[in-house]
Asker: 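One structure, as structure tokens, below. Some questions next.
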Number of protein chains: 4
Amino acid sequence: MVTDKRTHIMERAIELFAEKGFEGASVRDLATQADVNIAMVNYYFGTKEGLFQQIVETRMATTRDKIEEIAANKTLSEIEKVDLIIELYVEGFLSQPGFHKMIQQEMLVTKREGMHEKLINTFIQNTNNFNSIIEKGIRKKVFTKVDAPLVFATIIGTVNQILKSKIVCNVFAGYNKNYDPYKDEQFKKRLITHIKQLIHSHLLNK
Amino acid sequence: MVTDKRTHIMERAIELFAEKGFEGASVRDLATQADVNIAMVNYYFGTKEGLFQQIVETRMATTRDKIEEIAANKTLSEIEKVDLIIELYVEGFLSQPGFHKMIQQEMLVTKREGMHEKLINTFIQNTNNFNSIIEKGIRKKVFTKVDAPLVFATIIGTVNQILKSKIVCNVFAGYNKNYDPYKDEQFKKRLITHIKQLIHSHLLNK
Amino acid sequence: MVTDKRTHIMERAIELFAEKGFEGASVRDLATQADVNIAMVNYYFGTKEGLFQQIVETRMATTRDKIEEIAANKTLSEIEKVDLIIELYVEGFLSQPGFHKMIQQEMLVTKREGMHEKLINTFIQNTNNFNSIIEKGIRKKVFTKVDAPLVFATIIGTVNQILKSKIVCNVFAGYNKNYDPYKDEQFKKRLITHIKQLIHSHLLNK
Amino acid sequence: MVTDKRTHIMERAIELFAEKGFEGASVRDLATQADVNIAMVNYYFGTKEGLFQQIVETRMATTRDKIEEIAANKTLSEIEKVDLIIELYVEGFLSQPGFHKMIQQEMLVTKREGMHEKLINTFIQNTNNFNSIIEKGIRKKVFTKVDAPLVFATIIGTVNQILKSKIVCNVFAGYNKNYDPYKDEQFKKRLITHIKQLIHSHLLNK
DNA sequence: AATGAATGAGGATTCATTCAT
DNA sequence: TATGAATGAATCCTCATTCAT
């Protein structure tokens, strides 16, 4: 029951942080949205920042571990690994758009140092894992000599760009204003296809 | 003299908004940073939001107009236009990192509707201009059949991803923690090269 | 206990609003006078205007209901009803001078539309109830043909005029400057007598 | 030209003070309404309070002098004097409703001592002049023994009550909501008739 | 004589947090 | 464990006023 309430608060908080930003979302808002007492946030998470950190720590670990797993896998070729990572990011981001918008906002801001650093470190780990895959491919001569970290920036950046605004996204996709493209399987496939083709022609270019 | 003070406030505000976000940057902060009286912000811009909008309107117009100019130019080939746009974004974003971080933050947030909408509209214009270039190239058969709006998302998204964090960027680039990669000509060239190669091999893929 | 604090704030606020006017009384003042934290006013009443409205709604209802009761009473003659209303106003106003000064001020000002309207509506109800008594008396030929609403204006206006200033009132009454005439039983009787004689000779004039 | 501008500011200020109260009307408002520079109010009148005092001093003298003149007149009977004073007040108040609303507000407020005292003194003078007329009438046995200062309070109070709200006034008078009763000659006559009849039957009651 | 720019004090309100229960 | 009341600090903004020109 306790865990339920904690989790419930965290889930509602993600949506609110995504929508209004960390500063823009007040603890009162959070409590109202989660239908709990105002004091609950401080009671469970100490501070508003504590709530944010809890969310980040709980969720970011998943993606990081999956990437590590892919990188370490010995039965997959390099291009297969890259493809898996692309799928991982597109699927992960589109299925949790609120969380990833929240993360993006926090990465843009240097105010809250503690939180910022934690994000950065996780991100650097992911980058390094990705780089090592690419560089191995280059050494094996299955990949062209590319700028590995910038390739990673392209993948993440493209998905993040899509996440920025449903409205812009719908303009791309030709849907109407109030449609939710993130829940559309067709759109997900389209995005994966785009990134894969882009990265393939870049990596496998002769 | 009047213009000077206004401009001065706007310039300092860009840095602060970039650093702390719109809500995170207080009017007190803004005034202190710009070394003016607290009441000056309201005196010149009415409200804090008014200041933000003034900044956005003044600066976003430039990029939008340049893209429109490139799109309308009749002496350039399609691939030349794409290249110019890539250069425009990399140079524009790296030379005004604060402003573009600020814009990114605001695009992620749906709280302040008026501001959000203005940003979105300008962004849609840019997307449409880019799309028309790509589609013309496709009709002329100089470009492969690609997903034009997603190509645009890739370009913008990659540069934005770089802007997210100097620290991450330095990890990519192999520089030390406190270096400013945005002011480094080498890094700029490297970024332009990456994006051009990526997009070229995608668009011109046989 | 909660009710106590709320009520306490309202009571002190009445005095302060009466003394300085709605705009003239700052929330800081109110909090200091009531010996509570500045945030308490907003905590209990939402806004300063909310506090005012709460006061008005709580107190005005009493007088309005009493007048309605008098008007509806079937055992009283018309002149008895008029006399009761005169006593009601004199006693009500002299026993809560602060509140009625506050109401007078607000009726003079058209700035805060919502509050103004509420006051006006209650006042119109009272006027109508009074009118119906007078008109019945006229139909029954116990009253001269008089201008009923203006008679009501005279009654209220006379008491309000007395309330305007203790000092002026003391000049009338022959008391010294710092005396409180509103608490003086003699003065109350004198005022009731004056109004009754005035209205009687007007209504019962042959 | 200077006098014109001063007068112009004062006229607009009366309307604004009447509408919003002294505190409710900002110097910015005043300047905008009068279509002059913000600094002009302070330039001409020193302070906002100075402007108010100038208005009061300029206008209140007129009524006071007229009453003094009536009181001193040796060719008029007492009842004629009373009638003239009634007419004077009704006409004066209805022709300058803004100014008299402003005065009423200020009399209700004890905040600004200097201004308050000046008003009170003038008012006491008027009361004394009126009293002396009534008392002479009583001595001459043309008037019943009445409570002279309260009779004066009734006259002033009735007219002030009418001034409180156009809306209420229109409810009395049977006009529609947006009509201006103060400019209606019929209504003025009706008000004068009411007060005269009221006071006559009171003073001349046998 | 007249003004636009500038200011510091103070306005109402909201904030995240704490505490007694 | 859970909460409603309470708080002091901070929020944005407006105020009347001043001053250099």
Side-chain angles (χ1 to χ4, degrees), chain A residues 1-3 5-6 9 22-31 36-52, chain B residues 1-6 9 22-31 34-52, chain C residues 1-6 9 20 22-31 34-52, chain D residues 1-6 9 22-31 36-52:
Chain A
M1 184 58 184
V2 172
T3 320
K5 225 168 197 174
R6 268 181 66 97
I9 293 172
F22 180 80
E23 321 271 346
S26 76
V27 174
R28 230 178 220 80
D29 276 348
L30 291 169
V36 296
N37 185 274
I38 319 169
M40 291 307 296
V41 170
N42 294 93
Y43 180 67
Y44 278 131
F45 303 97
T47 63
K48 186 182 166 186
E49 198 162 323
L51 164 59
F52 191 95
Chain B
M1 187 59 183
V2 170
T3 318
D4 277 350
K5 218 164 199 172
R6 269 182 66 98
I9 293 172
F22 180 80
E23 322 270 347
S26 75
V27 175
R28 236 182 215 79
D29 280 347
L30 291 168
D35 201 34
V36 296
N37 185 275
I38 316 175
M40 291 310 298
V41 169
N42 296 96
Y43 179 70
Y44 280 127
F45 305 97
T47 62
K48 187 182 161 185
E49 196 162 325
L51 163 60
F52 190 93
Chain C
M1 186 60 182
V2 171
T3 320
D4 276 352
K5 217 163 201 174
R6 267 180 67 98
I9 293 172
K20 303 191 172 183
F22 180 80
E23 321 270 348
S26 76
V27 175
R28 237 181 215 81
D29 279 347
L30 292 167
D35 201 33
V36 296
N37 186 275
I38 317 175
M40 290 309 297
V41 170
N42 295 95
Y43 179 68
Y44 279 128
F45 305 96
T47 62
K48 186 182 163 187
E49 196 163 325
L51 164 59
F52 191 94
Chain D
M1 185 59 183
V2 172
T3 318
D4 276 350
K5 224 168 198 175
R6 268 180 67 96
I9 293 172
F22 180 79
E23 320 271 347
S26 76
V27 175
R28 232 178 218 80
D29 276 349
L30 292 169
V36 295
N37 185 274
I38 320 170
M40 292 307 296
V41 169
N42 293 93
Y43 181 67
Y44 279 130
F45 304 96
T47 64
K48 186 182 167 186
E49 199 164 321
L51 164 59
F52 191 94

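Hydrogens, waters and symmetry mates are skipped; everything else that's a heavy atom, side chains included, is used. Residue numbering restarts at 1 for every chain, and letters A, B, ... go by the order of the sequence lines.
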Asker: Between C/I38 and B/M40, which residue's closest nucleotide on DNA chain E lies nearer the 5′ terminus?
Answerer: B/M40

Asker: Just the rounded figure in Å: distance from C1' of F/dA6 to CG of C/D4.
Answerer: 16 Å

Asker: Once you round it to whole Å, what is the distance between C1' of E/dA16 and CG of A/L51?
Answerer: 12 Å

Asker: Atom NZ of C/K20 and atom P of E/dG10: how far apart are they, to the nearest Å?
Answerer: 13 Å

Asker: Write down the distance between CG (B/L30) and C1' (F/dA10), rounded to a whole number of angstrom.
Answerer: 15 Å

Asker: Please pick, from F/dA6, E/dA16, E/dA2, the nucleotide with the shortest atom-to-atom distance to any side-chain atom of A/K48.
Answerer: E/dA16

Asker: Could you check how far CZ of D/F45 sits from C1' of F/dT17, rounded to whole Å?
Answerer: 16 Å

Asker: Can you check whether A/N42 has a side-chain N or O nearer than 4.0 Å to OP1 or OP2 of E/dT17?
Answerer: yes

Asker: What are the two closest non-hydrogen atoms of D/V27 and D/I38, and how far apart are they?
Answerer: CG1-O, 4.0 Å

Asker: Both B/T47 and D/V27 contact DNA chain F. Which one's nearest nucleotide lies toward the 5' end?
Answerer: B/T47

Asker: Would one find a side-chain N or O of A/Y43 under 4.0 angstrom from OP1 or OP2 of F/dT1?
Answerer: yes

Asker: For the pair made of OH in C/Y44 and P in F/dA5, what is the distance, rounded to whole Å?
Answerer: 7 Å

Asker: Considering all heavy atoms of both residues, which atom of D/T47 and which atom of D/N42 are nearest to each other, and what is their separation?
Answerer: CA-ND2, 3.9 Å

Asker: Considering just the side-chain nitrogens and oxygens of C/R28, establish if one lies under 4.0 Å of OP1 or OP2 belonging to E/dG11.
Answerer: yes

Asker: For the residue pair C/L30 and C/I9, establish whether any side-chain heavy-atom pair is separated by less than 4.5 Å.
Answerer: no

Asker: Do any side-chain nitrogens or oxygens of A/S26 fall under 4.0 Å of OP1 or OP2 in E/dT14?
Answerer: no

Asker: Measuring from B/K5:NZ to B/M40:CE, what's the distance to the nearest 0.5 Å?
Answerer: 5.0 Å

Asker: Using Watson-Crick or G-U wobble pairs with both distances under 3.5 Å, give me DNA chain E in dot-bracket, 5' to 3', with [ ] for crossers and | for pairs to another strand.
Answerer: .||||||||||||||||||||

Asker: Please report the shortest heavy-atom distance between A/D29 and A/G24, naming the atom on each side.
Answerer: OD2-O, 4.1 Å

Asker: Once you apply a heavy-atom cut-off of 4.0 Å, does A/A31 come out as touching a base, just sugar-phosphate, or nothing?
Answerer: nothing

Asker: Could you work out which one of E/dT13, F/dG8, F/dA16 sits closest to the side chain of C/N37?
Answerer: F/dG8

Asker: Got B/N37 and B/Y43 here, is their nearest side-chain heavy-atom distance under 4.5 Å?
Answerer: no

Asker: Can you identify which nucleotide, out of E/dA2, E/dA12, E/dC19, has its nearest atom closest to the A/A39 side chain?
Answerer: E/dC19

Asker: Is any side-chain heavy atom of A/E23 closer than 4.5 Å to one of B/F22?
Answerer: no

Asker: What is the distance from NZ of C/K5 to P of F/dG4, rounded to the nearest Å?
Answerer: 17 Å

